[in-house]
Number of protein chains: 2
Amino acid sequence: MILSMVGMPIKDRKAERREATKAEILDAAWDLVREQGLGGLNLRDVAARIGMRAPSLYEYFASKHAIYDAMFAQGYRQFAAVIAEAEELSGEDGLRAVSHRAMAFMVEDPARYQLLFHRTIPGFTPSPQSYALSVQQLDRTRAWFDRNGFAAPGALDLFTSLIGGLAGQQIANEPGGDHWVRLADAAVDMFLSYITAAGGTARHTRERTRS
Amino acid sequence: MILSMVGMPIKDRKAERREATKAEILDAAWDLVREQGLGGLNLRDVAARIGMRAPSLYEYFASKHAIYDAMFAQGYRQFAAVIAEAEELSGEDGLRAVSHRAMAFMVEDPARYQLLFHRTIPGFTPSPQSYALSVQQLDRTRAWFDRNGFAAPGALDLFTSLIGGLAGQQIANEPGGDHWVRLADAAVDMFLSYITAAGGTARHTRERTRS
DNA sequence: GTCTATATGTGGATAGAC
DNA sequence: GTCTATCCACATATAGAC
């Protein structure tokens, strides 16, 4: 809005159309990675799916990696929205809500899970702007953990590994199923009893050297 | 050895040479996926690395996927050997040893981690023989869990998700580092206190419906 | 802004000489 | 058993007409 100038219409129809087309391209790209796997994305198919030819895409994205980057950013905005709702709750209820929503978000789209939470595309690194979205999301959840007393060192990393690990196994071993998804509550039980144990603070920070 | 027949030398020099070359090819392939990522493997580079041309590889492997398949099998044999040593111990010591060795095995080679524990190569599925190796490995650890009293439903899946999840985060966020690796002991503490809690058996099998 | 045509490159796989 | 030569399919990206 700051960029709009005197004498120009507030709503730039051209820019709007352009954004709509970019969104169409991204939708088609998501469809394709869901069908062919994250690495199977190719520009011809993306273009064909919206009635275009591959070269036309370059009017909207500078490269294939730029499309991946936009998908990465879009995915993290979706993730942020999903988690933000759950983080309106607090305490145990909040943690369970976050767990369920994060788990559902991950397993419902394996390709998106790979793009957002693993480094699986050779040569692709998210741009600083897109990467910042992931950092901000983690910061928000860190703050929520602090506000809710889940403040032990390593607690957040342990929790994200736990949920992400269950989702990863679900996706790798039984995509579309729910065997590991159903373990989410047990995982939260385990995490909660560990993190809220009296005198537990020293226990999980202690360095160990055995075996 | 059963296949050797009367009048034939026990050691078939030709077959030995052949196996040696196949091993050379696999070594080169491992080098390449470590350098270029699992998906970056290509036959020309593999061949060049051992002083061959790409077509010669077809004398030893029927396709690129066959190479991936042999790598998959080889990786699980290595994994089995590493875990078997740790499973000579028992109880908490054994569990810690398994955790440390599994974690080290996973993070020391991200490409191998991806190949063995995730489905990341479009179109590749391990052959039944190779897949059986992964099933057998899980069965052995399941038996070890039973022998050692970690028998609660879901315990094994929770444990593998926990260790695999930590390794995955380590690899995705800080390859070569040890931030998540150092959380392995805390994770085992958490798992042990959950699994050995008095009356805990009912708790972690209980179905939950909240949020 | 979209197209056709094409440059340019890669990579798996096969044929057939040696 | 290894090679050269090549096929074929595919894919990113660019040039330039419309």
Side-chain angles (χ1 to χ4, degrees), chain A residues 12-33 35-72 111 115 120-127, chain B residues 12-33 35-72 111 115 120-127:
Chain A
D12 188 329
R13 297 179 62 88
K14 204 175 210 169
E16 263 179 16
R17 185 76 199 90
R18 185 181 166 77
E19 288 311 305
T21 303
K22 290 185 76 167
E24 252 189 293
I25 292 169
L26 291 182
D27 285 349
W30 281 117
D31 283 349
L32 274 170
V33 297
E35 290 168 19
Q36 306 181 359
L38 187 61
L41 187 68
N42 73 82
L43 301 184
R44 264 195 251 283
D45 290 353
V46 171
R49 189 160 291 235
I50 58 170
M52 275 187 175
R53 307 289 174 179
S56 305
L57 299 180
Y58 287 85
E59 191 69 26
Y60 302 94
F61 293 98
S63 68
K64 184 184 179 180
H65 275 15
I67 294 180
Y68 275 130
D69 193 58
M71 294 168 78
F72 182 93
L115 177 63
T120 188
I121 302 168
F124 170 69
T125 316
S127 64
Chain B
D12 188 329
R13 296 179 63 87
K14 204 176 211 170
E16 264 180 15
R17 185 75 199 90
R18 185 180 165 76
E19 287 312 303
T21 303
K22 288 185 77 166
E24 251 190 293
I25 291 169
L26 290 181
D27 284 350
W30 281 116
D31 283 350
L32 274 171
V33 297
E35 289 168 20
Q36 305 180 1
L38 187 61
L41 187 68
N42 74 84
L43 300 184
R44 278 173 175 76
D45 289 353
V46 171
R49 190 160 291 235
I50 57 169
M52 275 187 175
R53 305 292 173 177
S56 304
L57 300 179
Y58 286 85
E59 192 70 26
Y60 302 95
F61 293 98
S63 68
K64 185 185 178 181
H65 275 16
I67 294 180
Y68 275 130
D69 192 58
M71 294 168 79
F72 183 93
L115 177 63
T120 188
I121 301 170
F124 170 68
T125 315
S127 64

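Chain letters run A, B, ... following the sequence lines, proteins first, then strands; residues in each count from 1. Side-chain atoms are counted along with the backbone in the values below, which use heavy atoms only and exclude waters and symmetry mates.
Rounded to whole Å, atom C1' of C:dT14 lies 12 Å from atom CZ of B:R44.
Toward the 5′ end of DNA chain D lies the nearest nucleotide of B:R18, the other residue of the pair B:R18 and B:P55 mapping further downstream. Between B:G51 and A:L43, the residue whose closest nucleotide on DNA chain D is further toward the 5' end is B:G51. Heavy-atom nearest nucleotides on DNA chain C were determined for A:A54 and for B:L41, and the one closer to the 5' end corresponds to A:A54.
Taking A:D69 as the reference, A:F124, A:P126, A:S127, A:S130 meet the side chain to side chain contact (heavy atoms under 4.5 Å, CB included) condition, with sequence neighbours excluded. B:D27 pairs by the side chain to side chain contact (heavy atoms under 4.5 Å, CB included) definition with nothing, not counting sequence neighbours. For B:E19, there are no salt bridge (charged side-chain N to carboxylate O under 4.0 Å, His left out) partners, not counting sequence neighbours. Partners of B:A48 by side chain to side chain contact (heavy atoms under 4.5 Å, CB included), not counting sequence neighbours: none found.
Using a 4.0 Å heavy-atom criterion, one finds that B:G40 contacts no nucleic acid atom at all.
Rounded to the nearest 0.5 angstrom, A:F61 CZ and A:I25 CD1 are separated by 5.5 Å. With rounding to the nearest 0.5 angstrom, the OH atom of A:Y68 is 8.0 Å from the CG atom of A:L115. Rounding to the nearest 0.5 Å gives a distance of 6.0 Å between CG of B:D31 and CD of B:E35. Put simply, OG on A:S56 and CG on A:L43 are 11.0 Å apart, with the number rounded to the nearest 0.5 Å.
The stretch residues 56-69 of chain B touches DNA chain D through B:S56, B:E59, B:Y60, each having a heavy atom within less than 4.0 Å of the strand.
Close approach of DNA chain D to chain B, defined as any atom under 4.0 Å from a non-hydrogen atom of the protein, starts and stops at D:dG1 to D:dA5.
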